[in-house]
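Letters go in sequence order (proteins before strands), and every chain restarts at 1.
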Amino acid sequence: MSDFDENDAFEAAARPRLSEQAMAARPMPYLDGLNPAQREAVEALDGPVLMLAGAGTGKTKALTTRIAHLLNTGQARTNEILAVTFTNKAAREMKERVAGLLGQTVEGMPWMGTFHSICVKLLRRHAELVGLKTNFTILDTDDQIRLLKQLIAAANIDEKRWPARLLSGVIDNWKNRAWTPETLPSSEANAFNGRGPELYAQYQERLKTLNACDFGDLLLHMVTIFQKHDDILTKYQTWFKYILVDEYQDTNVAQYLWLRLLAAGHRNICCVGDDDQSIYGWRGAEVGNILRFEKDFPGAKVVRLEQNYRSTAHILAAASGVIAGNEGRLGKELWTEADGGEKVRLIGHWDGDEEARWVGEEIEAMQSGTRGRAGMSLDDMAILVRASHQMRAFEDRFLTIGLPYRVIGGPRFYERMEIRDAMAYFRLTVSQNDDLAFERIVNTPRRGLGDKAVQTIQTLARQNGVSLVEGARIAVESGAIKGKGGKGLAELVAGLDRWFTQLRAEDDTHVEMAEVILEESGYTEMWLNDKTPEAPGRLENLKELVKALESFENLQGFLEHVSLIMDNDTDDAEEKVTIMTLHAAKGLEYPAVFLPGWEDGLFPSQRSMDESGLKGLEEERRLAYVGITRAEEICTISFAANRRVYGQWQSQLPSRFVDELPADHVEVLTAPGLYGGGYGGTAGDFGASPLEDKASRADAYNSPGWKRMQAQGNLRAKPSPNEARGLVIDATAVSSFTQGDRVFHTKFGYGTVMGIEGDKLDIEFDKAGAKKVVSKFIVPAAQAGDVPF
DNA sequence: TTATGCATTCTTTTT
DNA sequence: GAATGCATAA
């Protein structure tokens, strides 16, 4: 662990610099593959540098080469470089690539990581300065909300009108701006019905007593410490000789201050970013940070990377055309040596289901090779959506046709209920003071402890000034809780004590302990007895959790890791199409990209425009830009005329971004099927006058027939293929099934009947796994067998 | 205390 | 259409 330890760091380290033996002679082959701009960015080691790197211009290459160069020339040792990224994935990739460039493993770049992971490391050393102990816990959003709910209730505020989620957002915002309760400007006094500031202060107090902090605190506390303790700041300023920041356009004020404080020493700060890819304004990111860089660091060298190595000329031109609609850009002109390639493809559909169906067919076609193109791997295709609820239509469809897919970003592993429950048990075993963990699992599994029992425990704890576990102990000993609940609580407390001593004794590994805890607490049993279809999956996840523990030395280490890691890279061997949000796609690239749902209100998102006006619209436009520039060869944009919104059918207009696509670089595909041609005629029409065309398209959606259907409330204008084929049978026509029958379900595909309970069937679906389904949605497989899904 | 059914709100985007 | 919260019943 070549960390930044007091000894390690300041006793000018006996460790030799990488270079001292052979610096001058050391070859620099890594410089050869760079273009002039990249090379300039790599070689300008000293002083502030702003690298404006457009999409696909080899930014990571430049950044990693720069680090390799720093190490190779002996300007800095691995632990004197602070390299900050936003995601763990980016940090990992960076480490690997630096190692690759140097042809050796870079053992420990201890200060390469996300803002958050680096701040945790720092804060553990200085926790006492902000009233925490070094072993503080990091709350996740769930805990945070629960805590705020309590505070809101205690303040006699109607949680319905002023929900905890809202307050949590307000507080997050303040933290992103680096405002503590003490430094909160008066302009914020009215927030949360005027009670915001006071609740913020209470919340921070409460965190302190819980020895906990939330995500925003990690940054905020460090900024506070740096601002108040000159000696500490100086220490780090001196230590970090070189600072590198990835995705600078996404930094918020707190991160910006943190960086500026640290960089004030050597002034060797290199920020990499692209103002056109700033898509996190809603999370407090300030594009202003990047626009202002030259003012903040006078004499900064600005390098522009503009040669794109990723996309074809048409795709690049389409993206440039869209982003040109934004004001106040730093200005970059991306170019490529690649020639034309395919134009961006544009297609409209009747509704979201049809869109999903079409995309599925298109993917299958690409997989087997079309239009003179060789077959592509599913791994090379991605569907990028604006909002995660759009994913559903695709999942349903792909499940039906058995097309393998992976979803990036959905509910993450560590956010799942069973995992969080298990973790609460672990947390409580490690530290009985973890009140939030206790609250989470007192009655999970059911122990007969309801609200009233919990209240009794809380009162006892408060009266005696102890933790909830201690309160529970008192309740048990005094017999304050009677009956089943009392017994359950006694067992829980005894269990916690037992596990704690057992863990201490170290007779068992922490992995074994985890198993013991889940077993003895009755948690595993709870899911074994659970008959819902999700139960087996949850048990699987628990197993996976225990397995994940193996790579850690102890429970504490694992808990720490989990609170920061939000990755869910599942590197499964099978080829799969990727489905994810546009936000999640930043930094990634795929030969073929589908961009569905380009409809006004959905994309650009109505909410974004309502809340942030032109600024919001411009951020949406950048999101469009990010989406298009993910594509290397084929980019397909689509929109639907009708879409379910809140379960209600709504007619949609094509996105204004569709009109902003430069016609010369777009090929309009005529939609297949009955309604497909209704929005704009030929490619020529579209090319000639996109604006006029928009009107005609809109008219098509406002046709009398369409209006009539709306009025009738029969918005499902077109029968589904199954309805058309007479495959949807009504409830009165339920045929009877027996165990072992092969059946078909429009959503889950083919399967086998495993069991029958009344009108519900337990079915093991070939693709979708075990489900319980009402029999009226099921058809015998034979009947569906000739359906070409 | 828990289970159930009804009504309500809502869905951007996430370290 | 799903998830949450609330009221009522068991």
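At the heavy-atom level, A/Ser608 lies under 4.0 Å from base atoms of the strands shown. Base engagement by A/Tyr646 is indicated by at least one non-hydrogen atom pair under 4.0 Å involving a base atom.
Taking only side-chain atoms of A/Ala584, from C-beta outward, the nucleotide of B/dT15, B/dT14, B/dT11 with the closest atom is B/dT14. Ranking B/dT14, C/dG5, B/dT11 by closeness to the A/Lys149 side chain, first place goes to C/dG5. Nearest to the side chain of A/His583, among C/dG1, B/dT14, B/dT15, sits B/dT14.
A close approach under 4.0 Å does occur between a side-chain nitrogen or oxygen of A/Arg392 and OP1 or OP2 of C/dA2.
The stretch residues 212-225 of chain A participates, sequence neighbours left out, in these salt bridge (Lys or Arg N to Asp or Glu O under 4.0 Å) pairs: A/Lys175-A/Asp214, A/Lys175-A/Asp217.
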Review item, side-chain donor-acceptor pairs of residues 155-167 of chain A, under 3.5 Å, at least two apart:
unit_1   : atom_1 : unit_2   : atom_2 : d
A/Asp158 : OD1    : A/Lys160 : N      : 3.1
A/Glu159 : OE2    : A/Ala164 : N      : 2.8

Under 3.5 Å, side-chain donor or acceptor atoms of residues 444-452 of chain A against the rest of the protein: list the pairs with distances, not counting sequence neighbours.
unit_1   : atom_1 : unit_2   : atom_2 : d
A/Thr444 : OG1    : A/Arg440 : O      : 3.4
A/Arg447 : NH1    : A/Tyr425 : OH     : 3.4
A/Arg447 : NH1    : A/Ile441 : O      : 2.9
A/Arg447 : NH1    : A/Val442 : O      : 2.7
A/Arg447 : NH2    : A/Tyr425 : OH     : 2.7
A/Arg447 : NH2    : A/Ser521 : O      : 3.4

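Side-chain contact, A/Thr456 with A/Thr459: no donor N or O sits under 3.5 Å from an acceptor N or O.
Of the residues in residues 251-259 of chain A, none has a non-hydrogen atom less than 4.0 angstrom from any atom of DNA chain B.
Evaluation of the side-chain hydrogen bond (donor to acceptor under 3.5 Å, both in side chains) rule for A/Arg283 yields no partner, not counting sequence neighbours.
A distance cut-off of 5.5 Å between ring centres, combined with a plane angle under 30°, places A/Trp282 in a stacking arrangement with the base of B/dT13.
Between the side chain of A/His349 and the main chain of A/Phe639, no donor-acceptor pair closer than 3.5 Å is present.
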Give the B/S/- string for nucleotides 1-8 of chain B, one per nucleotide from 5' to 3', where a protein heavy atom under 4.0 Å of the base yields B, of only the sugar-phosphate yields S, and otherwise -.
SSS-----
